[in-house]
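These notes concern the structure reproduced below.
Each chain gets a letter, A, B and so on, in the order the sequences are listed, and its residues count up from 1.
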2 protein chains.
Amino acid sequence: MKRGTSRDIRTANRYEVLRQIIAASPTSRQELAAATGLSLATVATLVGELLDLRMITEVGFEDSAGGRPRGLVAVNASGGALIGVDIAETYVHVELFDLALNVLARAEENMRPGESRPQQVVSHVAAAAGSVVAQAGVEAARVLGVGVSVPGQVDRATGISEYAPNWDWHDVPLLDLLSEHIAYPLYLDNPLRAGAVAELWFGAARGHGDAVVVNLGTGVGAGLVLGGGLHRGVSNSAGEWGHTTLVLDGRPCRCGNRGCVEAYVGAPGIMQNLSELFPHSPLLHADDQTATIDALAVAVAADDPAAVQVVRETARYLGAGIANLINVLNPEVVVLSSWVAARLGEPLLKEVREAVARHALQRPLAAGRIVVSPIPSDPACLGAATFALEGALQSVGQRHVRRTGVGARSRTASAG
Amino acid sequence: MKRGTSRDIRTANRYEVLRQIIAASPTSRQELAAATGLSLATVATLVGELLDLRMITEVGFEDSAGGRPRGLVAVNASGGALIGVDIAETYVHVELFDLALNVLARAEENMRPGESRPQQVVSHVAAAAGSVVAQAGVEAARVLGVGVSVPGQVDRATGISEYAPNWDWHDVPLLDLLSEHIAYPLYLDNPLRAGAVAELWFGAARGHGDAVVVNLGTGVGAGLVLGGGLHRGVSNSAGEWGHTTLVLDGRPCRCGNRGCVEAYVGAPGIMQNLSELFPHSPLLHADDQTATIDALAVAVAADDPAAVQVVRETARYLGAGIANLINVLNPEVVVLSSWVAARLGEPLLKEVREAVARHALQRPLAAGRIVVSPIPSDPACLGAATFALEGALQSVGQRHVRRTGVGARSRTASAG
DNA sequence: CCGACTTTATAAAGCCCCTTTCCTAACCCC
DNA sequence: GGGGTTAGGAAAGGGGCTTTATAAAGTCGG
């Protein structure tokens, strides 16, 4: 059982202050103190640290109404760059961000079916990472780190992909493999947690102690924010909500079980909902999840009754599953994220809210809002980049090596 | 979003040290330091505090093998008394504990059907509390506090029972009502959290950062230990696992929904499992849950095939529900608690383990043990008493009131 | 029997964190 | 240009934990 130290408080506060600055840039120390609940003095020293790191800059003064004007600080967007890598079953997305987390460059590599060897994946990542750096024209030295999101169970401390069901990987030392091609500090985690961190820093979970980020894609899962931080579980595999049973002895799921949430609300599950209700629907694009979901989204927007019914049926399952999360965890906010949620958007949200209201208990229901993720781009990329940002921030708090002589080496950057 | 302060660290360490002393009494400072990971100096000061409070005493020395012998400390069982109150639908249990959390006296009051007014419940509690103090013959001054567990949603800070479904209470200021009859410091919470705290301090969750305490009684729920502490949720209603959907559109539940876990694995649900499989079973005692479960337990122990089948059927549901918790939360241990679990014991556990293994994912399954609570008595009473113990410990860390003059009042104990 | 060695417990000092308080800086208004 | 007002920094203070030094209390061997 890990004990917390006073340094953890500092780290959390540093995160909080930077989050606030990114969210409301430019801002003043006063506003930061009010928003974070920290004292002015603490905010000032933390702002000082961030200024020293060149992560933020002073950008002038607020107009005064009869006193010394407030100094304003803003993110120093060009003070560094972060790379987020989203490795998925069929593609690798890489995005390069400035420190305000704007996307400066994107690259995408598609993986052919059968490309499942770690080395193949790694070379795609390396190529795309090289590409975004070149595109954006940032100097290598300004890249603070690379966050990598890979599906499955991941041990972030060792950088090992313990288990990736897509490719049947077992204990692949992904970080080591990547570090042969990529010289920047690397951080590894999975898309569920990346999505959760993205929402926590920049999305709908900002400022909330307890939040659930529901990931609706081909696979389904939930990133858990509990007590203001990510909940990882004892073996790094918390959040496998997609494989919780919703319909005992129900529809078979690719995990081998029956009646899992994912079997009903993942993209393939939605396709099945569609084909069961309307076997000959023109919306159905066999073997193409993306096209089918897109078609469904368009049809729903046009009030196509069949599409509406499919969304309602899907929301019936999704709502019950989300109600389960709400009843158990009692979060402040539930965020619907990933590409299926983004495309189906408001119509799905509306139906989901109604379905959740039918299943959840009054008190937890009343306490929790349900929203669609406000993050415009790939949340796994953004979240992965955020891990890199956290890593860069972490190194500030590192204990300084006591210099033993004139020629003492400066401390080395730790990656991962 | 609450920020942590360095005082919270102190409080957590104080809890940890006392937990360890209670668990392994007598013990030495050295052992404590090793067990908690704290430095000797910190352990020594914390032990000093506890000695000052007379919660522990020095009880001699360990035999030395060539050095100064280790001083041994042990719980000072007679240094104080704690009262735990378990208010349930049909009864009020009250137990009085010494500081080693041994039961010194018990009292039980049964509530007649229809006795649902807060004042009626309060008078039962007051009577029973008076009784245990008299039975045990402890002086009033030595009672450090009274913990009260009441079903439903509870706001422990204000002492209000926000919602109790049994009696349709809404926002009953229970702590205020109780304080008119009981002079000791009072602490209010619900049985789910009481059970979790009991396991965390004295039971199967001790030393684990992430644990789930599954409560199987008439009602069903889960107490969540996450990150080493209780997870309450944003509106104090986390843990309502009993009302998560396991069989969409399944059996009706008393919450108004269908297919809830509770409808299959709560005592009434088990009775229904029995009556559906064997409508004329002699095990079935209509309208008497306790008798039926008892009969079932006896029959299972005697390898009665019908009883075995009922337990297996129950475990099928329970296992799926527990697998859901394991997949989402990835805990280190799942504890089966409360009276149904205690009576059905090993036979149920065996079937549950098999059922969980069929539903849970490999990684989280492998990481989590499933056990029956080792706590012999009513875990809600013990947990409630533990809240009182935590409260008594809390007051040590209280900021000292700055004395404004010679006649300054000493600080007042805050209750709740 | 007494000194040497070992081990424990306490005291002191150091470092980290946050807050409160005081003081100077900077601006508006009259 | 002074007075009032607000911002920001420096210093002091209160907690916490750890490392290091010192005192205490044993065993062991000569």
Which side-chain N or O atoms in residues 43-59 of chain A pair as donor and acceptor under 3.5 Å with protein atoms at least two apart or in another chain?
from   : atom 1 : to     : atom 2 : distance (Å)
T45(A) : OG1    : T42(A) : O      : 2.8
E49(A) : OE1    : R14(A) : NH1    : 2.4
E49(A) : OE2    : R10(A) : NH2    : 3.0

Heteroatom pairs (N/O) under 3.5 angstrom, protein to nucleotides 27-30 of chain D:
none

#### Entry: Contact list for DNA chain D against residues 38-50 of chain B - heavy-atom distance below 4.0 Å
S39(B), A41(B), T42(B)
### Query
Rounded to the Å, how far apart are Q30(A) CD and dA25(C) P?
18 Å
### Message
Show me the pairs that pass ring pair (Phe, Tyr, Trp, His ring centres under 6.0 Å) and involve residues 23-43 of chain B, at least two apart or across chains.
### Response
none
### Summary
From CZ of F61(A) across to P of dC28(C) the rounded distance in Å is 12 Å
### Message
Test of understanding: with side chain to side chain donor-acceptor pair (under 3.5 Å), list the residues that count as partners of N236(A), not counting sequence neighbours.
### Response
none
#### Entry: R68(B) CZ to dT7(C) P, straight-line distance once rounded to whole Å
14 Å
### Query
Can you name the residues that form a salt bridge (charged side-chain N to carboxylate O under 4.0 Å, His left out) with D189(A), not counting sequence neighbours?
R156(A), R193(A), R232(A)
### Task
For S237(A), check side chain to side chain donor-acceptor pair (under 3.5 Å) against everything at least two apart and list the hits.
S235(A), N330(B)
### Message
Please list all pairs meeting ring pair (Phe, Tyr, Trp, His ring centres under 6.0 Å) that have one or both residues in residues 15-73 of chain B, counting only residues at least two apart or in different chains.
### Response
Y15(B)-W201(B)
### Query
Under the side-chain contact (heavy atoms from CB on, under 4.5 Å) test, which residues partner L101(B), sequence neighbours left out?
I22(B), L82(B), F97(B), F202(B), L382(B), A385(B), L389(B)
### Summary
Taken to the nearest whole Å, CG/D63(B) to P/dT7(C) is 16 Å
### Query
OP1 or OP2 of dG16(D) less than 4.0 angstrom from a side-chain nitrogen or oxygen of N13(B), does that happen here?
no
### Spacing between L32(B) atom CG and dC17(D) atom P, to the nearest angstrom
15 Å
### Message
Looking at S25(A) and V75(A), would you say the former's side chain and the latter's main chain have a donor-acceptor pair under 3.5 Å?
### Response
yes
#### Entry: Nearest-nucleotide comparison on DNA chain D, the residue closer to the 5′ end among S6(A) and G71(A)
G71(A)
### Task
Report yes if at least one side-chain N or O of R7(B) is closer than 4.0 Å to OP1 or OP2 of dC17(C); otherwise report no.
no
#### Entry: Contacts of R206(B) that satisfy side chain to side chain donor-acceptor pair (under 3.5 Å) - sequence neighbours left out
none
### Query
Could you give the CZ-to-P distance, from R70(B) to dA25(D), as a whole number of Å?
18 Å
### Query
If we fit an axis to the first five pairs and another to the last five of the helix from dC1(C)-dG30(D) to dC30(C)-dG1(D), what angle do they make, to the nearest 10°?
30°
### Over all atoms of both residues, closest heavy-atom pair of L40(B) and R29(B)
CD1-O, 3.9 Å
### Message
Output the rounded distance in Å from CZ (R10(B)) to P (dT18(D)).
### Response
10 Å
### Summary
For N190(A), the side chain to side chain donor-acceptor pair (under 3.5 Å) test, sequence neighbours excluded, returns none
### Message
Tell me the interatomic distance from E62(B), atom CD, to dT8(C), atom P, rounded to whole angstroms.
### Response
9 Å
